[in-house]
Chemist: 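My structure is below; once you've seen it, I'll send some questions.
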Amino acid sequence: MREIKITANDAGRRLDRFLRKYLRNASLGEIYKIIRKDVKVNGKRRDEAYMLQEDEVLTLYLSDEVLKKFIGDQTHAKSRGKAKRQFGIVYEDANILIADKPFGLLTHGDSNEKKNHLANQVKDYLIEKGEYDPRNERVFSPAPANRIDRNTTGLVLFGKTAAALKGLNRIIREDLVSKYYMTIVSGRLESERVLEGTLVKDARSNKVTIDPRGAENELYIKTIVRPKEHLSISDGHDRSFDATLVEVELVTGRSHQIRAHLASIGHPIIGDSKYAVRSSRELNQLLLRKYDLSTQLLHAYRLEFASDLSNIPELEYLAGHSYTAKLPDRFTSILKKTGSSSFAAE
């Protein structure tokens with residue numbers, strides 16, 4: 001038998017969803033069987049849809065052997081060791097943390113990297129501060145509400161409590177935060193472009209393509225691109241290439257959306273070999289030789305919350321606020337070497 005006191009972070013969860021996280025190795029059928037026969041909340045039987053309340057006591061009438069089988073190894077966080085902190089902090093309060101993710105770091109772990117990723121680094125930081133104790137939290141852990149690619153730098157939103165994470169997820173789902181990126185594209189982009197279309201995935205190549213017809217379905221995408229400065233990248237001899245520093249507003253958020261949308265109009269991101277077009281391949285070879293740039297130069301640099309967040313009371317105080325992450329050194333170094341005046345001093 002095991003008794004579990006429901007914390008504020010676990011309150012408001014359905015009983016079945018709490019148990020699916022807590023008994024992570026149990027099948028869905030086993031979870032519902034346990035709810036029927038082996039669970040009480042404050043001494044009473046409850047159905048799977050029951051909403052747990054703070055300070056209630058959930059009792060599992062299971063043997064230690066069965067609990068060990070369903071819960072699994074809970075020492076994994078301790079055994080993996082502390083993830084070395086690499087991220088910056090743009091903003092933090094009791095509810096949220098806005099991290100500045102560096103180049104080369106995954107937002108979440110994957111099959112190849114289960115230890116050193118941004119989510120673990122933030123959790124370890126909060127454990128060290130005493131703001132998160134995994135021994136007292138049954139199913140909740142601080143987590144990112146958005147994600148950016150390993151080789152993209154910049155802003156990632158974290159919820160430090162269950163209520164804050166739920167609120168951030170609503171803000172993103174309901175388009176109540178605007179996301180802006182800075183990048184350099186190949187070629188000379190003369191004016192603002194509003195790009196719409198349908199994103200088509202190719203799992204084999206891990207690429208996407210854009211159908212410009214913009215069908216209104218689940219993969220509809222919209223991107224706004226604003227040129228900031230025209231640049232010239234020289235090979236040091238007798239040849240130079242046009243490029244443009246641009247701000248990108250990500251209206252919808254799909255994997256590879258910015259990279260594919262810019263390539264679709266003939267202005268791929270510099271360094272991006274996956275989405276390069278014929279006119280940009282020579283420039284990418286030059287950038288590799290001169291600046292060791294072998295991946296896309298893309299930075300999630302600004303988040304702007306909507307002016308009205310009254311329907312999300314736990315985060316209403318964020319309304320109208322914006323947060324900015326300065327350009328990383330690699331980005332500013334390339335700007336300076338092209339003679340840019342707009343952002344080289346940042």
Side-chain angles (χ1 to χ4, degrees), residues 82-108 116-132 141-184 226 228 245-251 253 258 296-307 309 312 314-335 342-346:
K82 180 181 175 183
K84 180 182 177 183
R85 178 179 162 185
Q86 297 168 278
F87 66 94
I89 298 174
V90 172
Y91 175 79
E92 182 181 9
D93 61 29
N95 298 313
I96 72 167
L97 182 148
I98 305 179
D100 184 1
K101 188 188 80 68
F103 172 81
L105 185 67
L106 288 168
T107 303
H108 292 280
N116 191 30
H117 50 82
L118 181 63
N120 270 352
Q121 289 188 18
V122 170
K123 279 191 282 189
D124 287 342
Y125 163 75
L126 295 175
I127 289 170
E128 192 173 86
K129 287 185 69 184
E131 294 188 13
Y132 170 61
S141 64
N146 65 310
R147 69 191 306 166
I148 54 179
D149 291 343
R150 178 198 289 269
N151 294 327
T152 299
T153 56
L155 299 173
V156 180
L157 287 162
F158 277 80
K160 294 168 63 174
T161 68
L165 182 59
K166 183 178 179 180
L168 287 175
N169 286 332
R170 278 193 63 192
I171 284 172
I172 291 172
R173 184 171 63 251
E174 296 175 18
D175 296 325
L176 297 174
V177 61
S178 298
K179 294 163 281 188
Y180 297 89
Y181 290 69
M182 196 65 70
T183 188
I184 300 173
R226 302 180 180 96
K228 293 295 182 182
L245 176 68
V246 300
E247 177 190 76
V248 179
E249 182 178 352
L250 191 61
V251 182
I258 294 175
Q296 75 271 14
L297 189 70
L298 184 60
H299 181 60
Y301 89 106
R302 193 167 87 245
L303 293 168
E304 291 185 0
F305 289 94
S307 59
L309 296 178
I312 306 174
E314 62 271 23
L315 297 178
E316 187 175 3
Y317 64 93
L318 294 173
H321 288 271
S322 66
Y323 301 93
T324 302
K326 70 176 184 178
L327 297 178
D329 290 344
R330 183 175 68 154
F331 203 130
T332 56
S333 175
I334 291 173
L335 283 174
S342 296
F343 287 84
E346 290 196 0

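Scope of the values below: all heavy atoms of this structure, side chains included, with no hydrogens, waters or symmetry mates. Every value quoted in this text rests on a predicted model; they were computed, and no experiment measured them.
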Chemist: So which heavy atom on Leu303 is nearest to which on Lys179, and how close?
Modeler: CD2-CG, 3.4 Å
Chemist: Could you check Phe305 against Leu176 for side chain to side chain contact (heavy atoms under 4.5 Å, CB included), going step by step and ending with a plain yes or no?
Modeler: CA-CA 6 Å; Phe305 289 94; Leu176 297 174; over 6 Å; no
Chemist: For Lys101 and Leu105, indicate whether the former's side chain and the latter's backbone hold a donor-acceptor pair under 3.5 Å.
Modeler: yes
Chemist: Can you name the residues that form a ring pair (Phe, Tyr, Trp, His ring centres under 6.0 Å) with Tyr91, not counting sequence neighbours?
Modeler: Tyr323
Chemist: Report the C-alpha separation of Asp93 and Tyr317 in whole Å, then their side-chain angles, then the decisive distance to 0.1 Å, and conclude whether the side chain to side chain contact (heavy atoms under 4.5 Å, CB included) test is met.
Modeler: CA-CA 11 Å; Asp93 61 29; Tyr317 64 93; 2.6 Å; yes
Chemist: Just how far is it from atom CG of Leu126 to atom NZ of Lys160, taken to the nearest 0.5 Å?
Modeler: 5.5 Å
Chemist: Is a donor on one side and an acceptor on the other found under 3.5 Å between the side chain of Asp149 and the backbone of Asn151?
Modeler: no
Chemist: Between Leu335 and Leu327, is any pair of side-chain heavy atoms under 4.5 Å apart?
Modeler: yes
Chemist: Measure the spacing between CZ of Phe158 and CD1 of Ile96 and express it to the nearest 0.5 Å.
Modeler: 12.0 Å
Chemist: For the residue pair Leu165 and Ala143, what are the closest heavy atoms and their distance?
Modeler: CD1-O, 3.3 Å
Chemist: Between the side chain of Thr183 and the main-chain N/O of Leu297, is any donor-acceptor distance below 3.5 Å?
Modeler: yes
Chemist: Of all the heavy-atom pairs spanning Asn146 and Leu157, show the shortest one and how long it is.
Modeler: OD1-N, 2.7 Å
Chemist: So, taking the atom named CD in Glu92 and the one named CG in Leu97, what distance separates them when rounded to the nearest 0.5 Å?
Modeler: 4.5 Å
Chemist: Mind checking the CD1-OG1 spacing from Ile148 to Thr107? Nearest 0.5 Å is all I need.
Modeler: 5.5 Å
Chemist: Which atom pair, heavy atoms only, marks the closest approach of Ala325 to His299?
Modeler: O-NE2, 3.0 Å
Chemist: Does a side-chain N-to-carboxylate-O contact under 4.0 Å join Arg170 and Glu314?
Modeler: no
Chemist: Working to the nearest 0.5 angstrom, can you tell me the gap between Leu118 CG and Leu106 CG?
Modeler: 9.5 Å
Chemist: Any donor and acceptor pair, going by atom type alone, linking the side chain of Gln121 with main-chain N or O of Gln86 inside 3.5 Å?
Modeler: yes
Chemist: Are the side chain of Lys123 and the backbone N or O of Pro142 linked by a donor-acceptor pair below 3.5 Å?
Modeler: no
Chemist: Does Glu128 pair with Arg85 as a salt bridge, N-O distance under 4.0 Å?
Modeler: no
Chemist: Could you pull out the closest heavy-atom pair between Ala145 and Leu168, with the gap in Å?
Modeler: CB-CB, 3.7 Å
Chemist: Start with the C-alpha gap between Tyr181 and Thr152, add the side-chain angles, then the distance that decides, and say whether side chain to side chain contact (heavy atoms under 4.5 Å, CB included) holds.
Modeler: CA-CA 10 Å; Tyr181 290 69; Thr152 299; 4.2 Å; yes
Chemist: Rounded to the nearest 0.5 Å, what separates atom NE2 in His108 from atom CG in Asn120?
Modeler: 10.5 Å
Chemist: Can you name the nearest heavy-atom pair linking Phe331 to Met182, along with the distance?
Modeler: CE1-O, 3.4 Å
